[in-house]
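The structure appears right after this line, and notes come after that.
For the numbers below, each heavy atom of this structure counts, side chains included, while hydrogens, waters and symmetry mates do not. Note that the numbering runs from 1 along the sequence shown for the chain.
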Amino acid sequence: MTTPTTERPRVRRPRLVALVVVWILIVTGLSVWSVRHDPPTVPEQRDIAEAVPVLQAATGAVFAAATAGRDRAVEIEDVRVRRGCRVTPVRSGVEATRLVTVYVRGDGALPVLKAIAAGLPAGYHARADASSSGKRVGLEADAGGYVAIDVRADAASQVLPIEISTGCRPDGDLKLGSPGLAAPPPPLTSALQAFGQEQAGAAGVTTVTCPGGSEGRTYTVDGVPPPRDLGKALQPLTDGATVVRAEPSGWAYLTGDGSVAVVKQGSTLRLSLTQPCH
């Protein structure tokens with residue numbers, strides 16, 4: 001008996017090759033379009049030079065929200081750059097941060113953080129709350145572009161350092177301006193004179209661009225010798241002012257020109273005046 005022979009279907013190779021080529025072209029085209037149009041899906045797709053403008057805009061938004069109330073004093077710092085962080089286990093990178101430090105009354109940490117969160121852009125999805133035990137408070141927000149806004153503090157803390165951070169990024173052509181110098185404004189000069197500093201000298205100036213395009217500023221003088229009694233020396237300046245912090249480690253109060261902070265740093269003082277967005 002003869003076994004029937006099963007013939008294998010002939011593959012039309014030219015057609016198959018054409019289909020493969022078309023598929024490769026489609027995949028390649030989609031990849032190119034995605035690179036040009038899709039936002040980064042991980043931080044390492046945007047280097048530090050691309051991330052810093054987002055950081056600066058977020059700092060301006062935080063500063064504007066922080067200086068909106070008369071129940072707190074504020075300071076801003078320049079960009080800090082830290083190298084040597086890890087983008088991946090085998091790749092080092094750079095992180096940039098800015099601090100907006102807010103000084104509040106002893107019972108004001110959570111209400112102030114909630115007010116700041118409410119003042120941030122809706123797209124940041126900012127949230128401020130207390131821990132389940134009520135002993136800790138915090139604020140977190142997402143400024144976009146993998147730039148985070150975060151602070152954690154004790155519920156009774158009068159110092160709230162809000163950190164705006166890029167996270168670890170690949171290195172890039174990062175260009176940052178140098179801090180400026182200027183004559184201290186009158187409220188800062190008055191504080192220096194209250195501590196016996198008749199010749200104030202120049203103050204460091206840190207600026208931030210606010211959401212409307214105006215600028216906020218912090219003027220800082222470091223290395224000021226402390227008086228024997230900090231509160232007594234400040235009394236002529238704080239009579240009638242809104243005092244939000246009065247501790248051995250520092251004072252903060254509001255003037256008509258902004259807010260003044262006096263902070264102990266070792267054996268000396270740092271004095272600052274912050275002017276809100278104008």
Side-chain angles (χ1 to χ4, degrees), residues 58-77 97-122 124-142 148-165 187-188 191 194 208 210 216 218 220 226-227 229-265 269-277:
T59 303
V62 171
F63 179 80
T67 54
R70 295 290 296 175
D71 57 347
R72 75 220 54 164
V74 180
E75 279 183 308
I76 50 173
E77 293 187 11
T97 60
R98 287 197 81 170
L99 278 182
V100 177
T101 301
V102 184
Y103 300 99
V104 300
R105 295 187 177 97
D107 58 352
L110 185 56
V112 166
L113 287 179
K114 285 189 173 182
I116 293 172
L120 291 174
Y124 283 20
H125 304 291
R127 183 173 64 90
D129 213 339
S131 64
S132 57
S133 65
K135 294 181 180 180
R136 300 279 290 173
V137 295
L139 178 150
E140 59 183 21
D142 181 357
I149 301 166
D150 183 77
V151 60
R152 296 287 184 273
D154 291 336
S157 177
Q158 292 188 255
V159 183
L160 305 173
I162 303 176
E163 183 182 78
I164 304 96
S165 172
L188 190 54
V208 64
C210 301
T218 291
T220 306
D229 188 325
L230 184 57
K232 187 176 180 179
L234 286 171
Q235 186 174 352
L237 304 177
T238 56
D239 281 347
T242 302
V243 178
V244 296
R245 185 189 185 206
E247 297 182 296
S249 57
W251 280 60
Y253 57 95
L254 279 72
T255 73
D257 197 35
S259 60
V260 175
V262 181
V263 180
K264 280 193 174 181
Q265 293 185 317
L269 299 175
R270 184 187 78 245
L271 274 64
S272 69
L273 168 71
T274 296
Q275 297 173 333
C277 305

I need the [X] [atom1] to [Y] [atom2] distance, nearest 0.5 Å.
{"X": "T255", "Y": "L188", "atom1": "OG1", "atom2": "CG", "result": "10.0 Å"}
{"X": "L230", "Y": "Q235", "atom1": "CG", "atom2": "CD", "result": "12.0 Å"}
{"X": "R72", "Y": "T242", "atom1": "CZ", "atom2": "OG1", "result": "12.0 Å"}
{"X": "I76", "Y": "I162", "atom1": "CD1", "atom2": "CD1", "result": "12.5 Å"}
{"X": "R70", "Y": "L254", "atom1": "CZ", "atom2": "CG", "result": "4.5 Å"}
{"X": "E140", "Y": "I149", "atom1": "CD", "atom2": "CD1", "result": "10.5 Å"}

How close do [X] and [Y] get, counting heavy atoms only, and between which atoms?
{"X": "S157", "Y": "V104", "value": "O-CG2, 3.6 Å"}
{"X": "A128", "Y": "L110", "value": "C-CD1, 4.5 Å"}
{"X": "A155", "Y": "A109", "value": "O-CB, 3.5 Å"}
{"X": "L120", "Y": "A61", "value": "CD2-O, 3.6 Å"}
{"X": "V74", "Y": "A66", "value": "CG2-O, 3.6 Å"}
{"X": "Y103", "Y": "A252", "value": "CB-CB, 3.8 Å"}

Just to verify, which of T218, T67, D257 counts as forming a side chain to side chain donor-acceptor pair (under 3.5 Å) with Q275?
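Answer to the side chain to side chain donor-acceptor pair (under 3.5 Å) test with Q275 among T218, T67, D257: D257.
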Any side-chain heavy atom of P227 within less than 4.5 Å of one from L269?
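P227 reaches L269 side chain to side chain.
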Within-4.5 Å side-chain heavy-atom neighbours: T220 and E77:
no
Test E163 against T97 for side-chain contact (heavy atoms from CB on, under 4.5 Å), laying out the working first.
CA-CA 7 Å; E163 183 182 78; T97 60; 4.1 Å; yes
Heavy-atom count around R127 CZ within 6.0 Å, excluding the residue itself: above 12?
no
Looking at Q158 and V244, would you say the former's side chain and the latter's main chain have a donor-acceptor pair under 3.5 Å?
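Yes.
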